[in-house]
Amino acid sequence: METGGNSLSSGPDGVKRKVSYFYDPEVGNYYYGQGHPMKPHRIRMTHALLAHYGLLQHMQVFKPLPARDKVLCRFHADDYVAFLKNITPETQQDQLRQLKRFNVGEDCPVFDGLYSFCQTYAGGSVGGAVKLNHKVCDIAVNWSGGLHHAKKCEASGFCYVNDIVLAILELLKHYERVLYVDIDIHHGDGVEEAFYTTDRVMTVSFHKFGDYFPGTGDIRDIGYGKGKYYSLNVPLDDGIDDESYHYLFKPIMGKVMEVFRPGAVVLQCGADSLSGDRLGCFNLSIKGHGECVRYMRSFNVPLLLLGGGGYTIRNVARCWCYETGVALGMEVEDKMPQHEYYEYFGPDYTLHVAPSNMENKNTHLMLEEIQGKLLEYLARLQHAPSVPFQERPPDTELPEADEDQEDKDERWDPDSDMEVDEERKPIPSRVKRETVETEIKDPEVNPESTRGLEKAAAEATSAKALDIGSLKLEESGVKLEEPSKQNDQMFP
């Protein structure tokens, strides 16, 4: 269904959207350790490009409020959150049993400030969901988020806290149905598992399948119980290029939007599916990757853009800068402005890089079979399942507005060491701190009530998936207290 993206309610795709962007200047200081492929420094590089291309001036810029323990415990087990909070590089040798239990070690090492890092990236994703819930923006962006492998009780694949699940739970307070789309090269297993038994969240993952981490995401994995056909997996092989990728992406996502009709979309933009990634084996160009963002944006549905994987960090920064421009409806020129990380982008000093000549192992016959099977699954879906909302959780309080919006020139972080390209002058020299979100008031959560199912298991007792059902209190994976009087006054 190639034309699905044309069904806009407010004009052509090029129309500007109001974008909220979450960034903490400290996030680039976290360090997984020598030789580790995950480098939070790439977020700082992305931010530098956004600044020097002049894109920050066109967005609301927010410093995220760190996610508190009880927010993390909406999905994660309380003992796991307590472990993350207390473990340090100095004390880890005394807790070897706990390290093994929670899968913290090689891929997911203990490093200085680990818990603060988790709070920061999760806070940005939940904060973005809150902004969308309250219609402060059309698109929210948190490039530090998108850590899709984390499970309820364990770390996995460089991911400790699953900010995506937490953001989706926030969106479900306002939207009957939420769609999750994952274009990281790795399967979005943590998010799929969390919502495997519900029809209120649909997950669609495009990923390398075969002898590849995490080893899940077979095309036959389609959900369980009420969630049957609400999990879709698109298994791909090495070397897939832009044309082959979109041969699948656009018809499948067009049909998903037609049938599922989500109130909000979460798009994980993992950049390890780009050509030349240190850990990846796909052959997408930055424009091809960004075309997925453009297509999902074209439906004019509230959209949360998150980061994810990406291990050739100069290309990660290029990609997320370009995709921020796509979110804004702005063309970003190829010639890169001078900035403090300019030398990373040599010898061409351009935003775009050419894909390689690697072999595309995805034959047209394979692609046809995958597309046909997934469209067959979608044909079995009931159109837009209705969801009763007898017991909607109380609203999360909306943080205060961005003070900088009255003066679009005052959009800068004084802690940054960035110097502005004087010729281009995208950002004026005056500085003003991004808005720091006020503390979110939210009901307490009982983490022990978060239950679900293993993908292949029929017994509810072996559950891992988060069955949120219709968000009635007794059925929900999120047990909520009665709203406080203060919340009653704020949200009559």
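Aromatic ring orientation, Tyr341 versus His41: perpendicular (interplanar angle above 60°, classes split at 30° and 60°). Ring-plane geometry between Phe117 and Tyr30 is classed as tilted, the angle between the planes lying from 30 to 60 degrees on a 0 to 90 degree scale. Using a 30° and 60° split on the angle between ring planes, Tyr311 and His186 fall in the perpendicular class, above 60°. A perpendicular orientation is assigned to the rings of Tyr295 and Phe299, their planes being inclined by more than 60° (bins at 30° and 60°). Between Tyr32 and Phe158, the ring planes are perpendicular. Angles over 60° get that label, and only those under 30° would be called parallel. Ring orientation note: the planes of Tyr23 and Tyr21 are close to parallel, at an angle under 30° on the 30°/60° scale.
With hydrogens and angles disregarded, a donor-acceptor distance shorter than 3.5 Å links the side chain of Gln119 to the backbone of Ala67. Side-chain N or O atoms of Thr324 include one that pairs as donor or acceptor with a backbone N or O of Trp320 at under 3.5 Å. Of the possible donor and acceptor atoms, none in the side chain of Asp238 sits under 3.5 Å from a partner among the backbone N and O of Phe282. The main-chain N or O of Tyr175 is found under 3.5 Å from a side-chain atom of Arg200 such that the two form a donor-acceptor pair.
Ionic pairing of Glu376 and Arg380 is present here: one or more N-O contacts between side-chain nitrogen and carboxylate oxygen are shorter than 4.0 angstrom. Salt bridge Asp138/Lys16: absent, no basic N to carboxylate O contact under 4.0 Å. A salt bridge is absent between Arg294 and Glu323: the closest approach of a Lys/Arg side-chain nitrogen to an acidic carboxylate oxygen does not fall below 4.0 angstrom. Lys208 has a carboxylate O that lies under 4.0 Å from a charged side-chain N of Asp237, or vice versa, which qualifies the two as a salt bridge. Between Arg261 and Glu258 no salt bridge is recorded (no basic side-chain N to carboxylate O distance below 4.0 Å).
In this structure, His58 has its ring center at least 6.0 angstrom away from the ring center of Tyr53.
Figure legend: Lys39 and Tyr31 shown without cation-pi pairing, the cationic atom not lying both under 6.0 angstrom from the six-membered ring centre and within 45 degrees of its axis.
No side-chain donor from either of Asn162 and His76 sits under 3.5 Å from a side-chain acceptor of the other. In this model, a donor atom of one side chain and an acceptor atom of the other lie less than 3.5 Å apart for His289 and Ser273. A donor-acceptor pair shorter than 3.5 Å cannot be found between the side chains of Asn233 and Ser205. With no hydrogens or angles considered, a side-chain donor-acceptor pair links Asp189 and His149 at under 3.5 Å. Remark: the Glu192 side chain and the His187 side chain contain an N/O donor-acceptor pair separated by less than 3.5 Å.
Looking at Thr350 and Phe345, their side chains never come closer than 4.5 Å, going by heavy atoms from C-beta outward. Counting only heavy atoms from C-beta outward, the side chains of Ile164 and Val191 approach each other to under 4.5 Å.
When all heavy atoms of Ile286 and Cys319 are compared, the closest pair comes out as CG2-CA, 3.9 Å.
From Arg42, atom CZ reaches atom NE2 of His47 across 16.0 Å, with rounding to the nearest 0.5 Å.
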